[in-house]
Amino acid sequence: MEKTFVMIKPDAVQRGLIGEIISRFERRGIKIAAMKFMRVPHELAEEHYEALKSKPFYSDLVTYITSGPVVAMVLEGTNVIKVARSTMGVTNPADALSGTIRADFALEIGRNVVHGSDSEENALKEITLWFGENVTDWQRNVDKWIFE
Ligand code: IDP
Ligand code: MG
């Protein structure tokens, strides 16, 4: 079963949106395989966003992600990399479809409330970076009603 890395960013934590956001994934049928509430160390933020190092917004992005606690998660399910991102909506909340997390809870690209891995390669990289081996393999009783 596919896995992805999702983070509830500091703005969403400060705004009391943790439950709302997790509910969206849970209700869709996505399974939680790991979760932690934490302050992001500067080096971890830099490594997580390494691919964006050359972007003009990179240092603001690292400041944003380290500005308060986040909820880091590993989510599991059929096509979960793609499905988690479609549940989140596109990067700029102004362009996100209504009903997605970013459209429903955010206005600006630099305060877009959630992160989700964008490829199999990055999902694996991010899960390893944030959780190492601490991912829980478990069976839900409802799995047979969600996974064919
Ligand atoms: P994604 O989060 O939808 O995968 P990425 O292009 O990977 O989008 O960018 C990572 C994060 O960097 C975004 O979620 C957003 O917080 C921030 N970001 C991206 N583009 C901009 C920008 O043009 N200005 C400010 N922040 C940006
Ligand atoms: Mg990205």
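Atoms within each ligand, like the ligands themselves, are counted from 1 in listed order. As a basis for the values below, the full set of heavy atoms in this structure was taken, side chains included, without hydrogen atoms, waters or symmetry mates. Residue numbers count from 1 along this sequence.
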Can His48 be said to touch ligand 1, with heavy atoms closer than 4.0 Å? no
So Tyr49 and His115, would you call those rings parallel, tilted or perpendicular, with 30° and 60° as cut-offs? perpendicular
Determine, considering heavy atoms only, which of Asp11, Asn92, Asp118, Leu61 sits nearest to atom 12 (O) of ligand 1. Leu61
Please indicate whether any nitrogen or oxygen in His115 is less than 3.5 Å from any nitrogen or oxygen in ligand 1. no
Could you tell me the residue and atom name of the protein heavy atom closest to atom 3 (O) of ligand 1, and the distance to it rounded to 0.1 Å? Thr91 OG1, 2.5 Å
Under 4.0 Å to a heavy atom of Leu52 - the qualifying atoms of ligand 1, by number: 9 (O), 10 (C)
Is it true that the NZ or CZ of Arg15 lies under 6.0 Å from the centre of Phe105's six-membered ring and within 45 degrees of the ring axis? no
Can Ser86 and Arg28 be counted as having a side-chain donor-acceptor contact under 3.5 angstrom? yes
Looking only at protein heavy atoms, which one is nearest to atom 24 (N) of ligand 1, and how far off is it? Ile109 CG2, 3.5 Å
Residue-ligand contact Lys55/ligand 1, heavy atom below 4.0 Å: no
Side-chain contact test, heavy atoms from C-beta onward, threshold under 4.5 Å: evaluate it for Met7 versus Met73 and give yes or no. no
Looking only at heavy atoms, is any part of Arg85 under 4.0 Å from ligand 1, and if so is it the side chain, the backbone, or both, or is it neither? side chain
Does any part of the side chain of Phe25, heavy atoms only, come nearer than 4.5 Å to the side chain of Met88, both counted from C-beta? yes
With atoms numbered from 1 as shown, which atoms in ligand 1 lie under 4.0 angstrom from a non-hydrogen atom of Tyr49? 10 (C)
Which part of Val90 is near ligand 1, with near meaning a heavy atom under 4.0 Å away: side chain, backbone, both or neither? neither
If we set the cut-off at 4.0 Å for heavy atoms, which region of Arg102 has an atom near ligand 1: side chain, backbone, both, or neither? side chain
For Lys9, counting its heavy atoms only, list the atoms of ligand 1 lying under 4.0 Å from any of them. 13 (C), 14 (O), 16 (O)
Indicate whether any N or O donor in one side chain lies under 3.5 Å from an N or O acceptor in the other, for Arg24 and Thr87. no
Which heavy atom of the protein is the closest neighbour of atom 18 (N) of ligand 1, given with residue, atom name and distance? Phe57 CE1, 3.4 Å
Return the CG to CD distance between Asp137 and Glu76, rounded to the nearest 0.5 Å. 6.5 Å
The closest protein heavy-atom partner of atom 13 (C) of ligand 1 is Asn112 ND2, 3.6 Å
With side chains defined as the heavy atoms from C-beta onward, is the minimum distance between Phe147 and Arg140 less than 4.5 Å? yes
For the residue pair Leu75 and Lys3, establish whether any side-chain heavy-atom pair is separated by less than 4.5 Å. no
